[in-house]
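This report concerns only the one structure given below.
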There are 2 protein chains.
Amino acid sequence: MARTTGSDGERTEAAVREAAVNLIARYGYEAMSMRQLASEVGVQAAALYRYFPTKEDLLFTLMREHMQGLREAWERIKPTGADPTQQLAAYLRNHIAFHIERRHATHVSNMELRSLSPDRLTQILRMRTAYEKELRGILRDGAEAGIFNVEDTGLTAMALIQMMTGVIVWFRPGERLSVPEVTATYLSMTMRLVGAKIADSAARPSDAQRTLSHFSFRA
Amino acid sequence: MARTTGSDGERTEAAVREAAVNLIARYGYEAMSMRQLASEVGVQAAALYRYFPTKEDLLFTLMREHMQGLREAWERIKPTGADPTQQLAAYLRNHIAFHIERRHATHVSNMELRSLSPDRLTQILRMRTAYEKELRGILRDGAEAGIFNVEDTGLTAMALIQMMTGVIVWFRPGERLSVPEVTATYLSMTMRLVGAKIADSAARPSDAQRTLSHFSFRA
DNA sequence: GAATTAATTGAACGTTCGTTTTATTATCCT
DNA sequence: AGGATAATAAAACGAACGTTCAATTAATTC
């Protein structure tokens, strides 16, 4: 046999990507075989090589597009001219929403870095660093404006990203908490962690600024 | 050839464990071959099966002993009768110190869970849950005593653990920050995150309790 | 110093891996 | 309708995998 009735390159490629993300997230890149992937798609293993020249090319493509998607989502949402508190809130909201929506892809991008060749690893890490740099910028702005209280901008950024990304480890949709509830709680924790103060634009001109410790945020 | 001069079962087994932790942490469990491991130890692959009946037994042994070590370290350090703030500080100090000291073993225990058989996975997860439960207990005590301000005990515990464990992702000994410096900063961030208040035992009897937002901790 | 036990080698087994090659069929274009 | 092209199947490749087995030598025991 050869070409099957109704076969379509675009649809097959999309099916391969989706199946690959799920299989790699569940079993790991090394543990997933090309035959297993092909079987999931309903195709022979040789057919996969029409779309991805090697197994590693497939992995790299998935990772690169995930990281690009993350960057683009942030660029679209990023509030320009907002104060650091609002920027931080937007960053967190985008990060959590994006990662919960694409749990499996995030798992792949975070866990399978070691299966990339050195130069491809560098490419992915560069994208990740650029994304993290945005957060460091927000924290630095807030610290310099006296709105945040952070000892170490870089260290705080890493701590926050680990904390936010960690959501995908335990969060399961449809369980105890909804996405907005989780986001709201993480927002409160984040604002306390960075020692965010109320902007205090009007009223009480010289009183000691109060921290946001006991304020809640809408997700 | 056969038995080599100076060969010793105990030393070989220890060498196998150490090499396995390093190789699995670097390349992943699936990607590490038994021949590669044997070569690292300076032995033939068949010799490994004298100490571990299967590759998965080796992985499980490494994980189980790592989790046991973590539990035991905490049981030894755990301050009895201390207030929640001190307990939380002790938990964090132990967690960070243990994980930085055994970065590779932690990587293995966190990343290779999917390579375990179902019942062994359950065993490891049970140990992890028991350890995390200690933190939830501390947070609950602090919340009930009005010392902490946490919206959701379970969620806060997960966020803190992700944040603390995340240190091993970026921390490299001998770089910009020392372990005590990192620990001190994480302690401050943690105390702010949980909205810890000063105990206020004497003085200023009914004034609004101040948060620890701007206090620093010694590591 | 012989018998026993501990530690390891070297070769082999069957399986599975990623990948390539070739042939075959469906679809599209003119 | 028929030639070009796209999409797949089927079979095969060599290499590598985890594991087993028998043989062999070092250390220990009596």
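So that the names make sense, note that chain A is the first sequence line, chain B the second, and so on, each numbered from 1.
- Here dG18(D) is the nucleotide among dA10(D), dG18(D), dC17(C) with the atom lying nearest to any side-chain atom of M34(B).
- Rounded to an integer number of Å, the gap from CG of L59(A) to P of dG18(C) is 13 Å.
- Checking the phosphate oxygens (OP1, OP2) of dT8(C), no side-chain nitrogen or oxygen of Q44(B) falls inside 4.0 Å.
- The separation between R35(B) atom CZ and dG18(D) atom C1' is 7 Å, rounded to whole Å.
- One interatomic measurement links the two molecules: CD of E30(A) to C1' of dT16(C), which rounds to 14 Å at whole-angstrom precision.
- Both A45(B) and T5(B) lie near DNA chain D, and the one whose nearest nucleotide falls closer to the 5' end is A45(B).
- In this structure, the OH atom of Y27(B) is 16 Å from the P atom of dA16(D), given to the nearest Å.
- Side-chain nitrogen and oxygen atoms of T12(B) include none within less than 4.0 Å of the OP1 or OP2 phosphate oxygen of dA7(C).
- The residue Y51(B) sits close only to the backbone: its heavy atoms come under 4.0 Å of sugar-phosphate atoms, none of a base.
- Atom-to-atom, CG of L58(A) to P of dT19(C) comes out at 10 Å; the value is rounded to the nearest Å.
- In this structure, E13(A) atom CD and dA7(D) atom P are separated by 10 Å, rounded to whole Å.
- Using the six-membered ring where Trp is involved, W74(A) and Y91(A) have ring planes that are perpendicular, over 60° apart on the 30 and 60° scheme.
- A distance-only check finds a donor-acceptor pair linking the side chain of E56(B) to the backbone of S117(B) [under 3.5 Å].
- Remark: P of dG18(C) and CG of D57(A) are 14 Å apart, rounded to the nearest angstrom.
- Remark: of the listed residues H66(A), R64(A), R128(A), R102(A), H66(A) is the sole one forming a side chain to side chain contact (heavy atoms under 4.5 Å, CB included) with S109(A).
- Contact annotation: T4(B) does not reach the phosphate of dA7(C) (side-chain N/O to OP1 or OP2, under 4.0 Å).
- Atom CZ in R50(B) sits about 12 Å away from atom P in dT9(C), given to the nearest Å.
- For A46(A), the listed nucleotide lying nearest its side chain is dA11(D); candidates were dT19(D), dG10(C), dA11(D).
- A salt bridge is absent between E144(A) and R140(A); no separation between the charged side-chain nitrogens and carboxylate oxygens falls under 4.0 Å.
- A side-chain donor from one of D57(A) and T54(A) sits under 3.5 Å from a side-chain acceptor of the other.
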